[in-house]
Amino acid sequence: MLRIHNSLTGQVEPFVPLVPGKVRLYVCGITVYDYCHIGHMRMFVVFDVVRRYLRHCGYALTFVRNITDIDDKIIRRAAENGEPIEALTARYIAAMDEDAAQLGVERPDIEPRATAYVPEILALIQRLIERGHAYVASSGDVLYSVSSFPDYGRLSGKRLADLRAGARVDVEESKHDPLDFVLWKRSKLGEPTWDSPWGPGRPGWHIECSAMSTSLLGDYFDIHGGGMDLKFPHHENEIAQSCGATGHPFVKVWMHNGFVNVDNEKMSKSLGNFFTVRDILPRLRHPEVLRYFLLGSHYRGPINYSLTQLEQADLALGRLYNALRGLPDASPPPGATPYRDKFEAAMNEDFNTAEAVAVLQTLAREINTLKAAGKVAEAASWAAEFRALSSLLGVVQLDPEAWFRCSQPVDGAVAEGVSDAQIQACIEARLAARKAKDFAESDRLRDVLAAQGVVLEDKPGGVTSWRRK
RNA sequence: GGCGCGGUAACAAAGCGGUUAUGUAGGGGCCUGCAAAGCCUUUUAGGCCGGUUCGACUCCGGCCCGCGCCUCCA
């Protein structure tokens, strides 16, 4: 049975959907004003695996991931660039889609944009005012009254008194309570605006997610996910808004993924240790290397980014592909297998992808052993099982030969080098030399290819396979 | 100050109260014309101090160290 860590309780709990057989999942997506960094991508990949596994468990899943396409940073960036907001957001949404696709992240079932949900947002704010959870401030903004919601702070384990004592924000006079947050912002000159009962303005960030999630998934749904940093205040505020509006619970299970760090510190622009997906992919043999790296540790813990780590991921993936090499198509062994059992046990325990990957490595050894013993049919059968399992993680999705034809770029540049056909010709010539026991020539040809980053491997039966370094 | 997380071998990273994690790296062996790959085998663990227990890396307490959130942030 699947068990999931619930941030609301701090426990790993058995997962029981609200409606048997159905799961409704909402994940906070990104604000589109720049390229995705590795941290964004970790969130994408983590919830892509959650999505795959929930479906594998047989649930009818509705997966929503939103796009925040109106926000202070977007407005500022568009102004800096001197371009319309729509042009900016369209560009970065397209870039996000490309990056996600590279990493094997499938599109969510529904991908709402905040700007398309303004009517729902207005209705929600209206309801909050009616129920005494929100007020129109002297500034013209509509604010949420934190003190009207006794449960405020439950998700993040904070108490209102502590938060007030530690408040570092400039307290705006119009706020009844320094912790009150904005639902509807009065727009300044030149900013995008929508009409509202409280004058022209635009939605606050937190209310967008409450409106989109409940509009699409209902007032009470199964899982809400996002990055660790959204727990407070974003998700806390969502709870206050949604529960405030309905008077009943909002989300059953909260899931939060850990950060990507660099040198054990959070990636941030101010520290200058920031890596976008577009910075990294050109340094890799294949985008799968990044995905494998991200799944190599548990989703809740921090993960430390470094080139060394990516190199290790490359080698580990190569080992998996190597096991699958040269095997015919086959059907997996019927019924449960020890590998499948272990894999599923790992995934069932709060999506332990690190352990699931270890199962794949062990299975690869089994396949290699069978291959070495000449038991090709058996090896092929396990290879089919391997592929069924690895597709749940979205790794080892290529044809093995295609993997080995990719080369590992050096300093971000892919070596031009020799073509596949030239390599093949060289191998033929070397095989002829070997047949004639001309080992000097044979070794010379191997060295020629080695200098081009091509490694040869002589297999039994006079077959030679190759790989790019 | 408040809340929370973590310290595992050369590097990375899991599970687990007593039995090999896993990958990479190192040693030895098999295989190979020689290599490579693969397989077998093997060396390096559990921050520190106490406690519980027949037995603790695993549970409890204290200490030290690192990190995160408390402000926009995946």
Side-chain angles (χ1 to χ4, degrees), chain A residues 7 10 27-31 36-47 65 68 71-73 76 153 156-159 161-170 179 205 225-234 236 256-261 263-270 292-293 296-298 300-304 306 308-320 322-323 325 342 345-346 349 352-373 434 437-440 442-443 446-447 450 455-460 464-467:
Chain A
S7 300
V27 174
C28 287
I30 64 172
T31 302
C36 289
H37 60 245
I38 331 171
H40 294 125
M41 207 35 78
R42 183 177 194 196
M43 176 269 287
F44 276 34
V45 168
V46 162
F47 288 102
R65 190 185 62 216
T68 296
D71 152 90
D72 288 347
K73 281 181 199 154
R76 199 187 319 134
S156 49
K158 298 180 188 307
R159 282 169 303 186
D162 294 338
L163 287 168
R164 288 192 186 106
R168 282 185 261 148
V169 210
D170 291 338
L179 297 175
W205 176 41
M228 211 69 126
D229 48 348
L230 297 187
K231 203 165 167 184
F232 186 89
H234 184 55
E236 198 70 70
H256 293 100
N257 65 275
F259 284 116
V260 177
N261 294 336
D263 296 329
N264 289 316
E265 285 188 320
K266 182 177 167 178
M267 266 195 335
S268 79
K269 282 184 176 167
S270 55
Y292 186 94
F293 160 66
S297 52
H298 190 88
R300 275 191 288 122
I303 189 167
N304 218 28
S306 74
T308 315
Q309 291 260 63
L310 292 176
E311 281 162 15
Q312 297 221 350
D314 180 78
L315 289 168
L317 256 182
R319 185 180 139 78
L320 297 179
N322 195 230
R325 251 188 144 170
K342 275 187 188 161
E349 195 59 23
N352 192 336
T353 55
E355 209 181 330
V357 164
V359 173
L360 293 182
Q361 289 287 352
T362 310
L363 180 49
R365 180 159 62 215
E366 172 86 45
I367 293 168
N368 281 330
T369 303
L370 290 166
K371 277 164 81 173
R434 289 183 71 213
K437 300 255 191 273
D438 183 355
F439 295 121
S442 160
D443 289 351
R446 184 166 61 195
D447 290 344
V455 180
L456 298 187
E457 290 160 15
D458 295 329
K459 305 287 180 200
T464 297
S465 65
W466 61 274
R467 64 166 80 196

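Residue numbers begin at 1 in each chain, while the letters A, B, ... track the order of the sequences. Here the structure is a predicted model, which is why all the values come from computation and not from measurement.
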Does R446(A) get its side chain close enough to the base of A35(B), under 3.5 Å, for a donor-acceptor pair? yes
What does R434(A) touch in the nucleic acid at a heavy-atom separation under 4.0 angstrom: a base, only the sugar-phosphate, or nothing? base
Does any nucleotide pair with U22(B) by Watson-Crick or G-U wobble geometry, both distances under 3.5 Å, and what is it? A12(B)
Could you tell me whether A358(A) contacts a base, only the sugar-phosphate backbone, or nothing, with contacts defined as non-hydrogen atoms closer than 4.0 Å? base
Heavy atoms only, 4.0 Å cut-off, all strands: where does G227(A) land among base, sugar-phosphate and nothing? sugar-phosphate
Nucleotide G33(B), atom P - distance to NZ of K437(A) in whole Å: 8 Å
Can you tell me how far C1' in C57(B) sits from the matching atom in G7(B), rounded to whole Å? 12 Å
Looking across every strand, which nucleic acid part, if any, lies under 4.0 Å from S442(A) by heavy atom: base, sugar-phosphate, or nothing? base
Quick check for you: among G33(B), G23(B), A74(B), whose closest atom lies nearest to any side-chain atom of H40(A)? A74(B)
In whole angstrom, give me the gap between the P atoms of U52(B) and C60(B). 15 Å
Out of A36(B), G23(B), C70(B), whichever nucleotide has its closest atom nearest the side chain of L163(A): C70(B)
Without decimals, in angstroms, what is the distance between M267(A) CE and C72(B) C1'? 15 Å
Got a donor-acceptor contact below 3.5 angstrom from the D71(A) side chain to the K73(A) backbone? yes
Check every atom of U22(B), C34(B), C39(B) against the side chain of N368(A) and return the nucleotide holding the closest atom. C39(B)
Any non-hydrogen side-chain atom of R42(A) less than 4.5 Å from a side-chain atom of I38(A)? no
Remember a base hit wins even if backbone is also touched, and classify F232(A) as base, sugar-phosphate or nothing at under 4.0 Å, heavy atoms. sugar-phosphate
Among the nucleotides G2(B), A12(B), A74(B), which one has an atom lying closest to any side-chain atom of Q309(A)? A12(B)
Select one nucleotide: of A74(B), C69(B), C34(B), the one nearest the side-chain heavy atoms of D443(A). C34(B)
Between A372(A) and L315(A), the residue closer to the 5' end of RNA chain B by nearest nucleotide is L315(A)
Checking the side chain of T369(A) only, and the main-chain atoms of R365(A) only, is there a donor and an acceptor separated by less than 3.5 Å? yes
Which nucleotide in the set A35(B), G33(B), U22(B) lies at the smallest distance from any side-chain heavy atom of T362(A)? U22(B)
F259(A) side chain: which of G15(B), A74(B), G23(B) is closest? A74(B)
Measuring only the C1' atom in each nucleotide, how far is G38(B) from G6(B)? A whole number of Å is fine. 38 Å
Using the side-chain heavy atoms of K266(A), tell me which of these nucleotides is nearest: A13(B), A74(B), A37(B). A74(B)
What does V260(A) touch in the nucleic acid at a heavy-atom separation under 4.0 angstrom: a base, only the sugar-phosphate, or nothing? base
Report the base-pairing partner of G38(B) (Watson-Crick or G-U wobble, both distances below 3.5 angstrom), or none. C30(B)
Would you sort out whether E366(A) and L370(A) count as a side chain to side chain contact (heavy atoms under 4.5 Å, CB included), showing the intermediate values? CA-CA 6 Å; E366(A) 172 86 45; L370(A) 290 166; 4.0 Å; yes
Does C48(B) have a Watson-Crick or wobble mate here (both distances under 3.5 Å), and if so which one? G62(B)
Sugar-phosphate only, base, or nothing, as touched by N352(A) at under 4.0 Å among non-hydrogen atoms: sugar-phosphate
Within the structure shown, what part of the strands sits under 4.0 Å from R319(A) by heavy-atom distance: base, sugar-phosphate, or nothing? sugar-phosphate
Hey, does the side chain of Q361(A) reach the backbone of A316(A) with a donor-acceptor pair shorter than 3.5 angstrom? yes
Between U20(B) and A25(B), how far apart are the two P atoms, rounded to whole Å? 23 Å
Within the side chain of Q309(A), is there an N or O that forms a donor-acceptor pair under 3.5 Å with the backbone of F293(A)? no
For D447(A), look at atom CG and say whether over 12 heavy atoms of other residues, nucleotides or ligands are found less than 6.0 Å away. yes
K342(A) atom NZ is separated from U22(B) atom P, nearest whole Å, by 10 Å
Of the nucleotides U24(B), U22(B), G15(B), which one has an atom closest to the side chain of E355(A)? G15(B)
Output the rounded distance in Å from CD (E236(A)) to P (G2(B)). 20 Å
Scan G258(A) against the nucleic acid and name what it touches under 4.0 Å (heavy atoms): base, sugar-phosphate only, or nothing. base
Interatomic distance at C1', A9(B) relative to U43(B), whole Å: 10 Å
Distance, P atom - from C16(B) to C72(B), rounded to whole angstrom: 37 Å
How about NZ on K342(A), more than 12 heavy atoms from neighbouring residues, nucleotides or ligands closer than 6.0 Å, or not? no
Using only side-chain N and O atoms of R365(A), determine if any of them is under 4.0 Å from OP1 or OP2 of U22(B). yes
Would you mind classifying the nucleic acid contact of L230(A) as base, sugar-phosphate or nothing, using non-hydrogen atoms under 4.0 angstrom? sugar-phosphate
If A56(B) has a Watson-Crick or G-U wobble mate with both distances under 3.5 Å, name it; if not, just say none. none
Can you measure N257(A) atom CG to C5(B) atom P for me and round it to whole angstrom units? 17 Å
Does H37(A) reach a base, just sugar-phosphate, or nothing at all? Heavy atoms under 4.0 Å. base
How far, in whole Å, is G47(B) from A56(B) if one measures between their C1' atoms? 16 Å
Closest-nucleotide mapping onto RNA chain B: is T369(A) or E349(A) further toward the 5' terminus? I mean the 5' end. E349(A)
At under 4.0 Å between heavy atoms, what does Q312(A) touch on the DNA or RNA strands: base, sugar-phosphate, or nothing? base
Would you mind telling me which of U22(B), C72(B), C70(B) lies closest to the side-chain atoms of K73(A)? C72(B)
Applying the Watson-Crick and G-U wobble criteria at under 3.5 Å, what pairs with G1(B)? Answer none if nothing qualifies. C70(B)
Before you tell me yes or no, could you show the steps for K459(A) and K371(A) under side chain to side chain contact (heavy atoms under 4.5 Å, CB included), namely the whole-Å CA-CA distance, both residues' side-chain angles and the distance that decides it to 0.1 Å? CA-CA 11 Å; K459(A) 305 287 180 200; K371(A) 277 164 81 173; over 6 Å; no
In whole Å, what is the span from the CG atom of N304(A) to the P atom of A13(B)? 7 Å
Between L317(A) (CG) and U24(B) (P), how many Å, whole number? 12 Å
Starting at NZ of K158(A) and ending at P of G68(B), how long is that distance when rounded to a whole Å? 14 Å
On a heavy-atom basis, the closest approach of A354(A) and S297(A) is CB-CA, 3.9 Å
A10(B) to G27(B) separation - P atoms, rounded to the nearest Å: 16 Å
